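Everything on this sheet refers to the single structure shown next.
Given the structure is predicted, the values throughout are model-derived calculations rather than measurements. For ligands, and for the atoms within them, numbers begin at 1 and follow the listed sequence.
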Amino acid sequence: MGHQTKAFPIKQLPSKEKRHQLFGSVKPAPRTKPVDKMHMADLQNTKKDFLFDLDAVGVTKVKNPIMIYSSIAPYTQTSIGEFTFTSSLKQTNKGTNMSRFMEQLANYQKNGFSTELDVLKKFTKEIAKRVEQQDAALEVNFPWFFERQAPDTGLTGLNHADAGIRIEYHELKGFCIYLSLSAAITTLCPCSKEISEYSAHNQRGNVIMEISVSEDYQEADLDWKKVLLEAAESNASARLHPILKRTDEKMVTEQAYENPRFVEDMVRLIAADLYETSFITKFKVTCQNEESIHMHDAIAAVTYDKTKEV
Ligand SMILES: Nc1nc2c(ncn2[C@@H]2O[C@H](COP(=O)(O)OP(=O)(O)OP(=O)(O)O)[C@@H](O)[C@H]2O)c(=O)[nH]1
């Protein structure tokens, strides 16, 4: 005898409409307000003295797919960007037209929205025009992936750092560009190495580099993401790796022992590299170590403005 399957559904349920009513849906009340845009109230565009100019108004936490180009592998990748789009607002205007920021994003999205600085500059300038203001700002933060090779076996996998771009545009003043990268590194404590008969405690550090760039900076000549990543990693006790076999692990461990670093050492060494990078005009470097012998973290920071040099 073959196995008999039951035919589903067995129970006869009320219709979907009846089910919605059962759970509280009611018939629409009579509509009294206009439905055509021409006759709708436009509160945003009310003109009066609203007491203060606003520095920024717009939309934030906007997630959108992005294309990222890099000078290290993977050379092209897709990621998710979290955006903020704003402009200032005059004291005489009640509100901005928020939908226009999102309309602009939808237009760019059609061809794939890339984080190339030239694209984002164009976007920000167009936003100002679209919302009828003198200025606009765009901020985007995204995880950026890069290939990392194990030092001995050469096995590769992906690591990532958190990248950020802020573009400010003003009709009269032009553009300001701020870039940031937050990268993880290994540090081995110099003090612990010095005082102990053997070993030294180490930790995972997080380096945040925030920079301003010169007006003539072209990322096609030098990829800022790679520059900042190298500044953090090349000055650390060791780099982080997705894949390490024993022969790799030995090398990374010994390299860290040979290059002990305090958080203070980290920010000063990275500052030196950023100081020597000609397209960087100002920078802030912060290093925060998740201490392995404490519940708390260690932190150090340095800022420098090359434009203030005499
Ligand atoms: N100004 C403002 N708008 C808001 C606020 N909260 C929500 N909104 C948005 O107002 C939007 C309406 O956008 P608008 O761009 O003003 O719409 P519109 O006037 O039809 O657009 P235009 O034809 O471009 O002038 C809706 O999408 C709401 O999301 C707020 O606090 N301030």
Side-chain angles (χ1 to χ4, degrees), residues 16-17 19-21 23-68 78-144 162-180 182 210 212:
K16 197 154 184 173
E17 195 186 349
R19 295 204 292 266
H20 286 182
Q21 284 166 9
F23 286 94
S25 295
V26 292
K27 289 222 153 45
R31 302 295 198 232
T32 56
K33 296 197 175 179
V35 291
D36 59 311
K37 198 174 169 190
M38 279 290 288
H39 296 99
M40 277 182 182
D42 192 356
L43 288 185
Q44 295 85 304
N45 282 312
T46 313
K47 301 278 188 286
K48 237 193 251 179
D49 183 351
F50 288 105
L51 312 180
F52 295 101
D53 286 336
L54 300 186
D55 303 322
V57 56
V59 292
T60 191
K61 288 186 82 173
V62 177
K63 285 204 168 117
N64 203 75
I66 47 171
M67 298 287 301
I68 307 170
T78 52
S79 189
I80 303 287
E82 188 164 311
F83 289 87
T84 297
F85 307 118
T86 58
S87 74
S88 67
L89 192 72
K90 294 265 175 299
Q91 184 169 335
T92 46
N93 291 11
K94 179 163 173 66
T96 187
N97 290 109
M98 298 231 168
S99 65
R100 297 187 194 177
F101 295 102
M102 299 304 288
E103 274 180 321
Q104 168 98 350
L105 179 61
N107 284 350
Y108 270 65
Q109 174 55 33
K110 281 177 195 143
N111 304 316
F113 194 14
S114 104
T115 55
E116 290 159 291
L117 296 180
D118 284 344
V119 173
L120 298 183
K121 281 164 81 174
K122 185 165 172 283
F123 185 100
T124 310
K125 190 174 175 178
E126 284 173 20
I127 278 277
K129 194 160 177 232
R130 199 181 263 267
V131 296
E132 298 164 51
Q133 298 297 322
Q134 274 197 309
D135 59 66
L138 171 155
E139 205 168 303
V140 57
N141 295 290
F142 52 92
W144 166 59
D162 292 320
I165 302 173
R166 178 175 171 84
I167 310 270
E168 291 176 0
Y169 167 76
H170 189 282
E171 215 171 73
L172 306 174
K173 299 180 206 153
F175 290 100
C176 286
I177 300 176
Y178 306 95
L179 307 170
S180 68
S182 169
E210 297 160 279
S212 302

Quick check on [atom] - does any protein heavy atom sit closer than 4.0 Å to it?
| atom | result |
| --- | --- |
| atom 20 (O) of ligand 1 | yes |
| atom 28 (C) of ligand 1 | no |
| atom 12 (C) of ligand 1 | yes |

Polar proximity ligand 1 side, K37 side, N/O cut 3.5 Å exclusive
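Yes; at least one N/O pair falls below 3.5 Å.
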
Check side chain to side chain donor-acceptor pair (under 3.5 Å) between N111 and all other residues, then give those that pass, not counting sequence neighbours.
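If we apply the side chain to side chain donor-acceptor pair (under 3.5 Å) test to N111, skipping adjacent residues, there are no hits.
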
Please list, in number order, the atoms of ligand 1 under 4.0 Å from a heavy atom of R100.
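Under 4.0 Å from R100, ligand 1 has these atoms: 22 (P), 24 (O), 25 (O).
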
Report, in ascending order of atom number, the atoms of ligand 1 lying under 4.0 Å from any heavy atom of S99.
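In order of numbering, the contacting atoms are 13 (O), 14 (P), 15 (O), 17 (O), 21 (O).
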
Which residue and heavy atom of the protein sit nearest atom 16 (O) of ligand 1, plus the separation
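Answer, as residue, atom name and distance: Q44 NE2, 2.5 Å.
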
Nearest protein heavy atom with distance in Å, relative to atom 9 (C) of ligand 1:
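So the nearest neighbour among protein heavy atoms is M98 CB, 4.1 Å.
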
If you measure from the Lys or Arg side-chain nitrogens to the Asp or Glu carboxylate oxygens, is any gap between E126 and K122 under 4.0 Å?
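Yes.
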
Charged N to carboxylate O below 4.0 Å: is that the case for E132 and R100?
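Looking at R100 together with E132, the answer is yes, because their closest N to O distance falls below 4.0 Å.
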
Scan the side chains in residues 135-142 for donor-acceptor partners under 3.5 Å anywhere in the protein, sequence neighbours excluded, and list what turns up.
residue : atom : partner : partner atom : Å
D135    : OD1  : S88     : N            : 2.9
D135    : OD1  : S88     : OG           : 3.2
D135    : OD2  : S88     : OG           : 2.6
E139    : OE1  : R166    : NH1          : 2.8

Tell me whether the count of non-hydrogen atoms from other residues, nucleotides or ligands lying under 6.0 Å of CG in D55 goes above 12.
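Counting other residues, nucleotides and ligands, CG of D55 stays at 12 neighbours or fewer.
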
How are the rings of F123 and Y108 set to each other: parallel, tilted or perpendicular (split at 30° and 60°)?
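If you compare the ring of F123 with that of Y108, the planes turn out perpendicular.
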
Heavy atoms only: which of T96, N93, V57, L43 is nearest to atom 1 (N) of ligand 1?
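Comparing heavy atoms across T96, N93, V57, L43, the nearest one to atom 1 (N) of ligand 1 lies in T96.
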
NZ/K129 to OG1/T124 distance, rounded to the nearest 0.5 angstrom?
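Output value for this atom pair is 15.0 Å.
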
